[in-house]
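Comments concern the structure below.
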Amino acid sequence: MSESTNSTPVFKEEYQKQIADIYKQYQQTVKPYVAQLEVMENEFPIEILNEVRAIMSHIAKCYEITNEELIQKNIGKAKSHMKRCVLDCYKYLCLAYSDYYENFVHKYRFTDLTVVDNGEFWSDLCETVSKAKKQLILAKQKEGMVEDVEDAYNEFETAYNQYHRVYEIIENSYRHLIKLKRKTFWKVAISVLAWIIPLVLSIVLFFLG
């Protein structure tokens with residue numbers, strides 16, 4: 001790197017540390033959240049993508065200017081967009097986990113989930129879902145009352161943690177759930193056969209007689 005480039009203000013240690021922290025947050029927080037969304041929803045939400053673009057745009061500007069006040073402003077704006085980016089991740093993941101739960105309930109609608117882990121699974125799941133829904137409502141209410149959406153950041157983070165817990169409860173119990181679903185299937189199948197076979201026999205005997 002040339003001497004003139006190295007001497008520009010943005011390469012000062014204080015600025016490079018702040019920029020490095022932004023990149024670190026993207027790599028360790030935003031990237032895994034987006035990967036989870038892509039797996040669950042098969043999409044990269046445009047709102048999150050726009051925030052990432054804004055972050056990179058402000059950081060790039062820092063390398064084109066020599067005014068330190070403007071460099072500080074752009075780094076500050078990049079930080080603000082990063083926080084909004086994470087906030088959008090929380091919002092989308094809450095919806096993704098909510099859909100995941102609804103699909104799970106539909107898939108196992110004919111299975112008695114209250115018998116899993118002596119009733120602890122269903123009790124824990126219902127309680128956590130209730131807490132998650134209430135927290136998300138609280139977060140949205142807080143968002144509607146504040147001028148800056150970032151003021152609702154902690155509320156959405158809590159809602160995300162609750163919904164992620166819902167996801168974990170289900171995922172950690174799938175081995176037991178699959179066994180239970182198989183038992184339920186064979187129980188229903190035997191019940192149906194026990195009803196159909198006598199009916200068929202009675203019809204055959206009727207025509208033979």
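What you see below is based on every heavy atom in this structure, not just the backbone, and it leaves out hydrogens, waters and symmetry mates. Given the structure is predicted, the values throughout are model-derived calculations rather than measurements.
The closest donor-acceptor contact from the side chain of Thr158 to the backbone of Asn154 lies under 3.5 Å. Of the possible polar contacts, none joining the Arg165 side chain to the Gln162 backbone as a donor-acceptor pair under 3.5 Å is found. In this structure, Asp124 contributes its side chain and Glu120 its backbone to no donor-acceptor pair below 3.5 Å. Looking only at distances, no side-chain donor or acceptor of Gln25 sits under 3.5 Å from a matching main-chain atom of Val30.
Within a 6.0 Å radius of CG in Asn67, more than 12 heavy atoms belonging to other residues, nucleotides or ligands are found.
Screening Glu47, Glu157, Glu143 for a salt bridge (Lys or Arg N to Asp or Glu O under 4.0 Å) involving Lys91 leaves a single residue, Glu143. Considering Arg84, His81, Lys83 as possible partners of Glu51, the one that fulfils the side chain to side chain donor-acceptor pair (under 3.5 Å) test is His81. Across Val129, Thr128, Ile169, a single residue satisfies side chain to side chain contact (heavy atoms under 4.5 Å, CB included) together with Tyr101, and that is Val129.
Here Tyr92 and Tyr33 keep their ring centres 6.0 angstrom or further from each other.
The two atoms that bring Leu37 and Pro45 nearest to each other are CD1-CG, 4.0 Å, heavy atoms only. Closest approach of Ala78 and Ile55 over heavy atoms only: O-CG1, 3.7 Å. In this structure, Phe121 and Ile170 approach most closely via the heavy-atom pair CE1-CA, 4.2 Å.
With respect to Glu68 and Lys12, a salt bridge is recorded, a charged nitrogen being found less than 4.0 Å from a carboxylate O. Salt-bridge check for Glu13 with Lys17: failed, with every basic side-chain N at 4.0 Å or more from each acidic carboxylate O.
Side-chain contact check for Tyr15 and Gln72: at least one donor-acceptor pair (N or O, by modelled atom type) lies under 3.5 Å. Inspection of the Gln18 and Lys79 side chains reveals an N or O donor paired with an N or O acceptor under 3.5 Å.
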Evaluate the criterion side-chain contact (heavy atoms from CB on, under 4.5 Å) for residue pair Tyr97 and Val166; output intermediate values, then yes/no. CA-CA 7 Å; Tyr97 289 140; Val166 171; 5.7 Å; no
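The side chain to side chain donor-acceptor pair (under 3.5 Å) test applied to Tyr63 returns Gln16, not counting sequence neighbours.
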